[in-house]
Amino acid sequence: MAYSHKRVESKWQKYWDENESFKTVLDPKKPKYYVLDMFPYPSGSGLHVGHPEGYTATDILARYKRTKGFSVLHPMGWDAFGLPAEQHAIQTGTHPAITTKTAIGNFTRQLKMLGFSYDWTREISTAEPSYYKWTQWIFKRLYDRGLAYKKEVPVNWCPALKTVLANDEVIDGKSERGGHPVHRVPMNQWMLKITDYAERLLKDLDGVNWPESTKDLQRNWIGRSEGLQMKFAIAGAPDGVTAGSSEQIEIFTTRPDTLYGATYLVLAPEHPLVAKLTVAGQKAEVDTYVAAASRKSEIARQEQTKEKTGVFSGTYAVNPVNQEKIPVWIADYVMMGYGTGAIMAVPAHDDRDHDFAKAFSLPIIEVVEPADGAAAEGCFTGEGKSINSGTLTGLSTKDAKEKIIAAIEKEGRGKKTVNYKLRDWLFSRQRYWGEPFPIVHFEDGTRSTVDDEYLPVSLPEVKSYEPTGTGESPLAAITDWMNTTDPKTGKKLRRETDTMPGSAGSSWYFLRYCDPTNDKEPWSREAEKYWMPVDLYLGGPEHAVGHLLYARFWTKVLFDAGLVTHDEPFKRLVHQGMILGEDGEKMSKSRGNVINPDDVVNEFGADTLRIYEMFMGPLDQDKPWSTTAISGSYRFLARAWRIFLEGKEDQEIDTLIVKDEAATEEDLRITHKTIQKVTDDIEGLRFNTAISQMMMFVNHFTKEPRKPRACLKPFVQLLHPFAPHMAEELWERIGEKEALAYAAWPAFDPKYVTEDAMTIAIQVLGKTRGTVSVPVGSDQATVEKAAREIAQVASQLEGKTVKKVIFVPGKILNFVVG
Ligand code: ANZ
């Protein structure tokens, strides 16, 4: 083996570490480039091969931009609070801080082993008091701006596990872990008013360079709908119980044009009017139904295919446009959390209402037809033209909406409304391993934030990590931490015992990297202004909504508070695809198809792993691992190495054969073409094709005996972002003194990269009279024109008739004259 990756890689990793080669300083004279990876949760199992995919891509950019004269911010840190460390603590009693520290140590070793050029002096961890101090500080700014409040909200409460569960921890009304029943119960929770920012979060997506699919996911999540909110009067029930009730049912509809087709109303089971409007005879049935609905998840309730269930309240309302009495039903396909929690049902034009009306034999009245008058198949949910709709009949959907909205508004019965699907952010957890809130409660029930000078509110030591069973966090069991006194007034206080969710610390970490050791403020203005926004952010598509939306929200709040200068944090976003197992399935322990990066690096080296993961295919696509293909990447590097060493296999050889000899035209063409292609491809994140081009370069110089410095030196520079260890070693061996990591990126000479020319022999009656040089792929007409301009050819043709022209593309053009 000609190349000892172990020796070379550890040599350069040590060198970078000792020299702090990638330490970044703010240099106002230089342009900046901020390239960021989504920081990892330091799990006990270490890196998987999916991590280095994104990290190599950003490392290539970071290394490339440094050589282009940018001041590059390329940091790494740890999203260190989280459930697994807490669960481990419950099982073993080991403090989450200890588990987390061990995991961080392992991650750091692995990242260094891969040669990533992070500025390790900027490392942060969200679970460190010096970091979460500022998370608490930011929470205070949200609180002071009225964006944090406490509210009774329905949460997933699992009595057996004594804890609140996130939606994705509940499957079919049972806990994912253990399969215990989960109920929706109201609990007092911290909420953040992200809904205040719905419109801006939506609108500003237009200005960022993100994958369209991710923007769409955010748009759908925010879910803006324009419609009408209107009130229906109660007609009462035949038994007189609710007759003449002054209650009104307020609904939200995006299709007010279908009002004539509304044949019943539906209340969500949790709607406060359910109890008031249910007649005595229906009470038992309604109570049973409401209880059953509380055990279902929202997702299950909204399933389009699920059989519709519901129960009649016994009461009727009045459709104001035609005075029809329409029944009021209770059904779980209507959600309390959206719009008003009540709907007018139009079974002819809404699928859910249609299924429901069929199931309960309710009337279906068609009030819209397709604009072209064609017969609609089944339930027509599109827009078209109103029919059977009084004064709306004949109008287009758009005009009908406007007309009915104006009429209802005039009557004072409703108003045009914009609704968002986006809900406020449930921001509290009843857990130990999270940021404590900087909040204290007084005996009189009022509360206050903790003064900045007393931050951070540190997590105290606990003996047991189990939740208390009352719905409170383990912090509530530490009474001498929880009960305290105000240092200023001496008043008795009780600390907030909830902690913040995992997404708190990750909603602003990109700001902390700008100025990570500042202990006076979360970041200096100067640092934020210089570094932000992030120029390239790379991470998995699973964060399309949660993290990316929360980070945008906090950035906008901080912008409004005058604390940052940009209101969008991530200018360009890219998702890497998933690396699948060799069997094409998702890697998982149970399938036994997991590849461990430690093993790969040990066998083939970090440079090979980097090259291989970038060569697998386009960055954003899912791709299966291939052991055969990784050997191919290894061989490519071995061949590149051999160009420089005179075929001698001995790794200790340091007589390189790079010479200051002249390069041929062809040598220069392939070199400059490679510079051009690799440069373009790095900018466009097309790393696989950049590597293909470098392979062509290597093939060329493997065949050629010449080793001109003018070609091989720039090649080392192009190789450097991809395979930095080997590149550093070659750089040193060819005697370059300047630091490779900062040596100016090679420029290509356009004269060598213009479309390649080809030479074609020109014959007259089979005898060669000259040659022409034309662009590759030129057609007969082009070649013929060029040929006629050659003097010898022109003189041969003079006075003769060209009977035929024989053209062999790429080779010969023959004039047959008579
Ligand atoms: C009558 C109607 C007729 C509707 C029609 C649709 C089609 P988006 O676009 O998602 O905002 N709706 C309103 N509130 C609801 C709730 N809390 N739970 C379940 N469904 C609810 O959808 C708005 C439409 O969803 C509303 O317009 C309402 O049904 C229903 F041909 O009203 B529509």
If the condition is salt bridge (Lys or Arg N to Asp or Glu O under 4.0 Å), which residues does E152 pass it with, not counting sequence neighbours? none
Go through the structure and list residues passing salt bridge (Lys or Arg N to Asp or Glu O under 4.0 Å) with K140, not counting sequence neighbours.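 Per chain and number, K140 pairs via salt bridge (Lys or Arg N to Asp or Glu O under 4.0 Å) with D452.
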Decide ring-ring contact (aromatic ring centres under 6.0 Å, His included) for H725 and W16; before the verdict, give the C-alpha distance in whole Å, the side-chain angles of both, and the deciding distance to 0.1 Å. CA-CA 10 Å; H725 309 86; W16 296 325; 5.1 Å; yes
Partner residues of T489 under the side chain to side chain donor-acceptor pair (under 3.5 Å) criterion, sequence neighbours left out: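 Scan of T489 (side chain to side chain donor-acceptor pair (under 3.5 Å), adjacent residues dropped) gives D486.
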Those residues at least two apart in sequence (or on a different chain) that pass side chain to side chain donor-acceptor pair (under 3.5 Å) with Y149 are D424
Salt bridge between [X] and [Y], side-chain N to carboxylate O under 4.0 Å?
{"X": "E528", "Y": "R512", "answer": "no"}
{"X": "K65", "Y": "D535", "answer": "no"}
{"X": "K112", "Y": "D17", "answer": "yes"}

Partner of [X] by ring-ring contact (aromatic ring centres under 6.0 Å, His included), out of [options]:
{"X": "Y131", "options": "W137, W508, W523", "answer": "W508"}
{"X": "F81", "options": "W433, Y432, Y509", "answer": "W433"}
{"X": "H74", "options": "Y55, W120, Y118", "answer": "Y118"}

F559 and T565: which non-hydrogen atoms are nearest, and at how many Å? CE1-O, 3.7 Å
Would D119 and T121 count as a side chain to side chain donor-acceptor pair (under 3.5 Å) here? Give the steps. CA-CA 5 Å; D119 176 357; T121 68; 2.6 Å; yes
Can you tell me if S506 and D79 form a side-chain donor-acceptor pair at under 3.5 Å? no
Using the rule salt bridge (Lys or Arg N to Asp or Glu O under 4.0 Å), only one of K571, K215, K556 pairs with D204; which is it? K556
Would F139 and W190 count as a ring-ring contact (aromatic ring centres under 6.0 Å, His included) if you check the C-alpha gap in whole Å, the side-chain angles of each, and the deciding distance to 0.1 Å? CA-CA 11 Å; F139 173 83; W190 280 101; 5.6 Å; yes
Audit row: H441, E496, side chain to side chain donor-acceptor pair (under 3.5 Å) steps and yes/no: CA-CA 7 Å; H441 302 272; E496 173 64 55; 2.9 Å; yes
Residue list, side-chain contact (heavy atoms from CB on, under 4.5 Å) with P31, at least two apart or on another chain: F70
Report yes or no: is the cationic atom of K491 (NZ for Lys, CZ for Arg) closer than 6.0 Å to the six-membered ring centre of F442, at no more than 45° off its axis?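 The answer is yes; both the distance and angle limits are met.
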Sort and list the pairs that fulfil side chain to side chain donor-acceptor pair (under 3.5 Å) and have at least one residue in residues 542-551, not counting sequence neighbours. Y537-H547
